[in-house]
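In the text below, chain A, chain B and the rest are named by the order of the sequence lines, each starting its count at 1.
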Protein chains: 2
Amino acid sequence: MLLLRDLPRYECLLEGARRFPELDPSACEVYLHVLRAGDEAFRSCGEPLEAHGISAGRFTVLMLLLRKRHDACGAMLTPAELADKAGVTRATMTGLIDTLERDGFVRREPDPNDRRMTPVTLTPAGEALLQGVVPAYFQRMGSLVAHLSESERRTLVTLLAKLVRGNETEDPSVTSTDGAAPAPVCPSGSLNSSVP
Amino acid sequence: MLLLRDLPRYECLLEGARRFPELDPSACEVYLHVLRAGDEAFRSCGEPLEAHGISAGRFTVLMLLLRKRHDACGAMLTPAELADKAGVTRATMTGLIDTLERDGFVRREPDPNDRRMTPVTLTPAGEALLQGVVPAYFQRMGSLVAHLSESERRTLVTLLAKLVRGNETEDPSVTSTDGAAPAPVCPSGSLNSSVP
DNA sequence: GGCTGATGGTTAGCCTCCTAACGTTATCGA
DNA sequence: TCGATAACGTTAGGAGGCTAACCATCAGCC
């Protein structure tokens with residue numbers, strides 16, 4: 001991910017708005033800060049993972065498998081399910097599983113009932129890796145927001161959720177000047193990932 | 001960028017905290033929302049760029065060059081300066097400039113005074129591309145935060161800035177248990193990119 | 001039973017990002 | 001004056017994203 005490291009000052013945005021009448025300075029400021037904070041959070045919490053020789057994408061896959069295992073039911077997920085939960089394409093998930101299997105952290109086990117599927121399961125090595133890296137990961141997450149009070153955290157979460165939600169329902173703006181969007185097809189209702 | 005598309009509910013975080021004592025549920029919730037919002041903003045504002053056949057990275061380079069041009073002084077920047085302002089490595093910037101030059105949007109012109117440098121300048125084609133894409137880009141930025149009031153925007157910016165700032169000065173935590181960090185070497189004072 | 005369509009996983013090719021190393025050029029001190 | 005140091009830009013190799021296309025398999029429906 002790449003971005004502007006040095007955010008322009010508000011006066012510069014005002015000045016830019018003179019050249020670009022579409023520029024809303026306060027909107028731009030929010031946008032830049034959201035991007036900057038997301039990048040900062042991603043990098044910061046990624047450090048303990050890299051220190052243990054694992055990337056954020058691989059870590060996400062392992063955590064999803066671990067969560068599934070603790071759900072008591074069959075401790076496996078198909079690549080398609082993993083891709084959906086992680087928010088990447090199936091092709092990307094194939095690559096992630098490839099390297100994870102190469103390194104011995106997961107195992108593909110063909111499903112005898114439906115031979116199209118190849119569910120993935122966590123190996124003991126994968127679980128051990130998680131046990132080693134998860135504490136540092138969560139600690140870093142805590143120090144990331146250590147300077148925010150509980151009420152500030154609630155406010156921040158509320159505002160970010162509002163931003164994301166408002167943008168989701170607005171998304172069919174690709175077909176602009178067209179009014180009457182057919183239906184907000186956003187796949188909501190998928191927040192029940194870890195409850196059976 | 002890859003992430004969890006379906007954020008776990010707060011009860012799930014509380015339940016996860018039982019298995020991982022290091023997990024601070026409110027910190028984790030902030031972290032996930034910051035990441036999710038950053039991803040949403042990035043994708044959303046990236047759409048108009050992709051529609052014009054340009055990626056976010058290339059767009060950033062062109063905008064930096066345009067801003068420099070409007071600063072009246074010499075309208076060129078070296079790859080190292082561009083990399084620094086954009087927050088990527090010099091190697092990455094080389095690749096970006098390669099494709100931009102291949103497509104005719106920028107031009108490398110060796111510096112006669114210091115033959116190590118190869119300043120980059122915006123071509124008329126590059127400027128025309130920006131003229132075509134910038135309005136849609138800023139409009140999308142505005143609709144991204146359209147649901148937030150002015151005071152909500154200010155609050156959000158304040159909280160995100162506090163998070164980033166607090167994390168920057170905390171960053172030498174790699175050498176933890178070591179106390180008395182020598183000096184917060186964060187390259188602050190670099191926010192004056194567009195004022196001579 | 002045998003098409004047809006939908007679904008699951010993989011492959012191929014491209015782009016962007018990184019680190020590490022290299023060659024070239026300036027600069028500066030002995 | 002000349003070698004050491006530092007800075008600039010590039011290259012090589014790897015990882016992680018994406019889209020588009022491809023087979024294999026299942027489910028339905030004549």
How long is the line joining [atom1] of [X] and [atom2] of [N], in whole Å?
X: A:Asp39; N: C:dT16; atom1: CG; atom2: P; result: 17 Å
X: A:Glu50; N: C:dT19; atom1: CD; atom2: P; result: 10 Å
X: B:Leu82; N: D:dA7; atom1: CG; atom2: P; result: 19 Å
X: B:Phe59; N: C:dT16; atom1: CZ; atom2: P; result: 15 Å
X: B:Met93; N: D:dA7; atom1: CE; atom2: P; result: 19 Å
X: B:Ile54; N: D:dC18; atom1: CD1; atom2: P; result: 21 Å
X: A:Arg90; N: D:dC23; atom1: CZ; atom2: P; result: 16 Å
X: A:Leu96; N: C:dT11; atom1: CG; atom2: C1'; result: 16 Å

Verify, without hydrogens or angle tests, whether B:Thr118 (side chain) and B:Pro110 (backbone) share a donor-acceptor contact under 3.5 angstrom. no
For the backbone of A:Glu101 and the side chain of A:Arg107, can you confirm whether one donor and one acceptor N or O come within less than 3.5 Å of each other? no
Between [N] and [X], is there an OP1 or OP2 to side-chain N/O distance shorter than 4.0 Å?
X: A:Thr78; N: C:dG8; value: no
X: B:Thr94; N: D:dG9; value: no
X: B:Arg58; N: C:dT16; value: yes

May I have the step-by-step check of side chain to side chain contact (heavy atoms under 4.5 Å, CB included) for A:Val120 and A:Met76, ending in yes or no? CA-CA 5 Å; A:Val120 177; A:Met76 19 185 49; over 6 Å; no
Does the distance from a Lys or Arg side-chain N to an Asp or Glu carboxylate O, for A:Arg153 and B:Glu29, drop under 4.0 Å? no
Considering only heavy atoms, which members of residues 111-119 of chain A lie under 4.0 Å from some atom of DNA chain C? A:Arg116, A:Met117, A:Thr118
Scan residues 117-126 of chain A for pairs that pass salt bridge (charged side-chain N to carboxylate O under 4.0 Å, His left out), counting only residues two or more places apart or in two chains. none
On DNA chain C, check which nucleotide each of B:Ala91 and B:Arg102 is closest to and give me the residue with the more 5' one. B:Arg102
Just jot down the salt bridge (charged side-chain N to carboxylate O under 4.0 Å, His left out) partners of A:Arg154, sequence neighbours excluded, or say none. none
Among D:dT19, D:dG17, C:dT11, the nucleotide that comes nearest once only the side chain of A:Asp98 is considered: C:dT11
From CA spacing to verdict: side chain to side chain donor-acceptor pair (under 3.5 Å), A:Ser26, B:Glu150: CA-CA 8 Å; A:Ser26 78; B:Glu150 278 298 326; 3.0 Å; yes
